[in-house]
Amino acid sequence: MREKINSIIEKNFDSMIPELQKIIAVPSVSSKGSGDMPYGPECCRVLRMFLDMAEDEGFYTNNFENYAGTVEYNEKPVKLGVLCHLDVVPVTEKDWTYPPFGGVVDNGRIYGRGAVDDKGPAMAVLFAMKALKEAGIDLKHNVRFIVGCDEENGSTDMEYYLSREKMPPLVFTPDGDYPVINIEKGMLRLRLRKNIAFSHILKIKGGTVPNAVPSDAYAVVKGISKFPESENITVSEEGENYRVAYKGKAAHASTPESGINAVTGLVKYLCELPLDEDERSVFETVKTAFIHGDFSGKGCGINMSDEKSGALTQVLSTASYKGNTLEFSVDVRYPVSGNKDDIISKIEKSAVGFELHADIASLPHCVDEDSEFIQTLLSVYEKETGLEGYCKAIGGGTYVHDIEGGVAFGAEFPGEENNMHGNDEHITLESLKLNTKIIANAIYSICG
């Protein structure tokens, strides 16, 4: 049966690409919505579009008030859930080589925001189910494909879904890496806020989302005319004032070492300017607590590591100053041995004079790697790729972080770099096809 399933996927693959391009074209950045559009019109549009595609393939669909939707293979009791999200992180379009919502295919890759996180994998799941259906397979147990629209901002879509439906007993998401991610670090998203009227700083803006290393940050300053030269810093006139901009490099907050933090870079530079004593004191505090070039958290005294899940990471991810309110976002991924209350307390003590607000404080996620479920997934992975299957721990929070027993299975293969959350995000066509085969055979092995 494996050969038949994979043959159908090969046959149908060319028709998958234009379907994926259609959903990449929707700029579905989750926003605060209202009424029947809880995450804004674009998330609503992409969800409805995707469910329509699934319905056209003959699957049963259900829309949960545009928070999330489901695609059912048949009407039998559900054994397996596959979970993907259709919302994406924002883009800085000028930094892209390809249009971020263009779905351009070039050099064996498809480019666009969501290509690998999670629109490409979502299309792979749909075409995996399509291949099973076309092969005439009457699964003994139903598989429920769940698609949501708020993974990037805290997964309130799943909270809504779970208030109306139970999760299937087994769940995986292609929202991470292969082979299988069974351990995810704890996650903190914090905000530091201070009310202060600066003498020289008129405005600060840095970063776009709390879960990424910021690529750009700038400050508008007045009353200063001499600026020391510094790497990555550009100074330009803005009316009677000056705009001081730092150019960094974006990266996912779970792998911050691959980025250059524009916010901490800008803060460090501001400390070199002839600011008033009160102004300088504020930025020196931030500079000391969040050391530029360091992602270990040692400035706040929270650096730690364990053998099971690795080292803690910390990112000062956004910055804003307007209306006499200075605010920063902090992203922390901590190992299973860490204590969230202790970490929060140390950050609060380091950020002297700031109020601390915790938006997300989720505990580490850990699933037994010896379970039959995980061993089945690893077996399918090995058969389809010829590579060794193993379990791994990550700092990223996948879509199953708060789902008991859930694991991440794909979509990135070892050694791949798809620029997830970065500029020119992409997935190779071969990886997309292989994902489809792995997912189809996993569904068949579990539910067949």
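- Contact record, G207 with T318: C-CG2, 4.3 Å, taken as the closest heavy-atom pair.
- With sequence neighbours left out, the side-chain hydrogen bond (donor to acceptor under 3.5 Å, both in side chains) criterion links S34 to no other residue.
- Within the structure, salt bridge (charged side-chain N to carboxylate O under 4.0 Å, His left out) contacts touching residues 132-151 (residues at least two apart or in different chains) are K11-E134, E72-R144, K76-D138, R144-E165.
- Nearest heavy atom pair, residue S254 against residue G395, reads CB-C, 3.5 Å.
- Listed by first and then second residue, the salt bridge (charged side-chain N to carboxylate O under 4.0 Å, His left out) pairs involving residues 387-413 are D177-K392 (not counting sequence neighbours).
- Pairing each heavy atom of P210 with each of S317, the nearest pair is O-OG, 2.9 Å.
- Put simply, the side chain of L132 reaches to within 4.5 Å of the side chain of Y73, judged on heavy atoms.
- A salt bridge is defined here as a Lys NZ or Arg NE, NH1 or NH2 lying under 4.0 Å from an Asp or Glu carboxylate O, and R113 with E425 meets this definition.
- Annotation: side-chain hydrogen bond (donor to acceptor under 3.5 Å, both in side chains) contacts of K119 (sequence neighbours excluded): S28.
- With sequence neighbours left out, E55 forms a salt bridge (Lys or Arg N to Asp or Glu O under 4.0 Å) with no residue at all.
- Under the 30°/60° scheme for interplanar angles, the aromatic rings of H426 and Y111 are found to be tilted.
- Taking the six-membered ring where the residue is Trp, Y246 and H292 present perpendicular rings, their angle passing 60° and hence far from 30°.
- For Y178, the side-chain hydrogen bond (donor to acceptor under 3.5 Å, both in side chains) partners are N435, not counting sequence neighbours.
- Judged as a salt bridge (Lys or Arg N to Asp or Glu O under 4.0 Å), and not counting sequence neighbours, the contacts of D359 are R191.
- Residues satisfying the salt bridge (Lys or Arg N to Asp or Glu O under 4.0 Å) test with E416, not counting sequence neighbours, are none.
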Side chain to side chain contact (heavy atoms under 4.5 Å, CB included) evaluation trace for I438 with F413 = CA-CA 12 Å; I438 291 172; F413 292 96; 3.7 Å; yes
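- Contacts of D52 classified as salt bridge (Lys or Arg N to Asp or Glu O under 4.0 Å), with partners at least two apart in sequence or in another chain: none.
- For the pair I302/I347, a side-chain contact is recorded, criterion being any heavy-atom separation below 4.5 Å from C-beta on.
- Applying the side-chain hydrogen bond (donor to acceptor under 3.5 Å, both in side chains) criterion to H421, with sequence neighbours excluded, gives D117, E152.
- Between Y160 and Y67, the two ring planes are parallel [angle under 30°; tilted spans 30° to 60°].
- Applying the salt bridge (charged side-chain N to carboxylate O under 4.0 Å, His left out) rule to pairs touching residues 435-448 yields E10-K437, sequence neighbours excluded.
- Residues forming a side chain to side chain contact (heavy atoms under 4.5 Å, CB included) with P256 (at least two apart in sequence, or on another chain): V213, F295, T313, V315.
- Ion pair R109/D424 not flagged as a salt bridge, since none of the NZ, NE, NH1 or NH2 atoms sits closer than 4.0 Å to an Asp/Glu carboxylate oxygen.
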